[in-house]
Amino acid sequence: MPAPNIDTIVSLAKRRGFVFPSSEVYGGLGSAWDYGPLGVELCNNVKHAWWRWLVYERDDIEGIDSSIILNRLVWKYSGHEATFHDPLVDCRECKNRMRADKLEGYFPEGSGGVRPENFDANARLRAGLVKCAECGSTNLTDERHFNMMFRTTLGAAAVDDDPAALAYLRPETAQGIFINFLNVQTTMRRKVPFGIAQVGKSFRNEITPGNFILRTREFEQMEMEYFVKPDAEHFKLVDEWVELYIEWFKGLGIDAANLKLHEVPREELAHYSKRTVDIMYRYFPERPEEERQWEELMGIAYRTDFDLRSHSSKATDQEGNRANPDSTEDLSYFDEATKQRFYPHVVEPAAGVNRTVLAVLMDAYSERTNDKGETRVILKLSPQLAPIKAAVLPLAKNKPEIVGMAKAIKRSLQPVLRAVYDDTGGIGKLYARQDEIGTPFCITVDHQSLEDEAVTVRDRDTWEQERIKISDLAEHLQKRLKPYPVQPPESV
Ligand code: GAP
């Protein structure tokens, strides 16, 4: 039973130290969130699982970590300065400012939320067909384009509107990979096909952020650019990566019934994409209409050779003129086998860390009633993602021998797995707390432990208990934690 709605997770996340509303002491900051002690562990575990899966377990992917602030020209030639915008409207009645294409009536009926040919948004707005999301008025302004890149200025002498000092916070991690393509390819002596992965923060000045950590202005991406030959079967590669990611999400504990694919219509493709398939997650199970329950978890795009070509000094436009007079490097690749030079094409799986974390939390949520008729929340997180793998609990906290033994067991487990010691309540309360934060195992030290050098290991999901010798404990837990539930992927 997954969480019935996102609000359930918001309250659990705050109550148990996963995610807090940001800047709360100053009244908050709309749609910004801070990750607490357990949230940061969960995020790190998701990122490590992804990195292990792609960079360590495959032999054809390298990792990098590029700057967040890049030369402004990167965003000029990537096309983001000109095209990375959303349509914005204001309500003349309630003064609300909104993203136009999310409003009721923006698209003609039957268009399925896709811009038809000769679509004229302003004609529809002026005809009063589009409704304000706040007050329902149709008295809206014309739409205008709003570029979503955050602007900043570089250097002490810069004034706010100095174009020479203008810079952006990156809206995707991908460009840091493209501009380093040759650096990675030559230093690591790579042959196409190969991939470059990067995980890190991205920033978008979203017009209408919301739904907890689903849409925020600061978020984290896990992106991988897979470079292939111009004549590779690009569309088939998109399908193959979709399948690999579905398996990966399932390995993180997400039920396949809560995942579905969305082939992005041609009219909706980003400026660089020839084909994109989104993997959607059921973030809104409470909505009665099935088609409104889903939101994008990640996208897999065929980006052609658009980015490498755009950043290259030697690439030419349709008239044969140099397309990028600012670049000092040609990012083409020489294929020794065929003696041909070309710009590699790219298939890009781009996933969000925060959306993955939210999906994992929603899917892991479950409730169970105990013998006393009390309902308990159990977070059935995949063990590899659980923030804490084992909690060591003394049955009597006023018995120094038991406390000493429990603390020593915690210390002995720590080099092998993340363990905590907790004596802040009665055993029932301690179990309930660990269940609610997804700890797979509770280890109880009792009076008998002093005699038989054994402890009780309690399973989070079944509540079954077994007695294990302290000398065997680390190995026993490691076996049951199984760090790699996902089959290592075959190379594509
Ligand atoms: N490089 C391609 C790219 O950035 P995208 O579909 O715009 O593609 C990829 O973003 C993923 O990043 C999304 O599927 C989502 O998981 C995450 N993402 C994008 N915008 C986000 C936001 N405002 N808040 C949280 N996650 C976001």
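Keep in mind the model is a prediction, meaning the values are calculated, not measured. Start at 1 and go down the list; that is how both ligands and their atoms are numbered. Count residues from 1 along the sequence.
Given atom 25 (C) of ligand 1, the protein heavy atom at minimum distance is L214 O, 3.1 Å. Of the protein's heavy atoms, E296 OE2, 3.0 Å lies nearest to atom 6 (O) of ligand 1.
Interface of E348 with ligand 1, defined as ligand atoms under 4.0 Å from a residue heavy atom, comprises 1 (N), 2 (C). Those atoms of ligand 1 with a heavy atom of R303 less than 4.0 angstrom away are 1 (N), 2 (C).
Where the criterion is an N or O separation shorter than 3.5 Å, residue side chain and backbone included, L297 meets it with respect to ligand 1. Checked against a 3.5 angstrom limit, the closest N/O atoms of R215 and ligand 1 fall outside it. Polar contact check, N354 against ligand 1: no nitrogen or oxygen pair lies under 3.5 Å apart. Residue G352 has at least one N or O atom closer than 3.5 Å to an N or O atom of ligand 1.
A donor atom on one side chain and an acceptor atom on the other are found under 3.5 Å apart for N5 and T8. Residues Q221 and R170 have side chains that never bring a donor and an acceptor to within less than 3.5 angstrom of each other.
D435 has its side chain out of reach of D461: every pair of non-hydrogen atoms, C-beta onward, lies at least 4.5 Å apart.
Using a 4.0 Å cut-off between heavy atoms, T356 makes no contact with ligand 1 at all.
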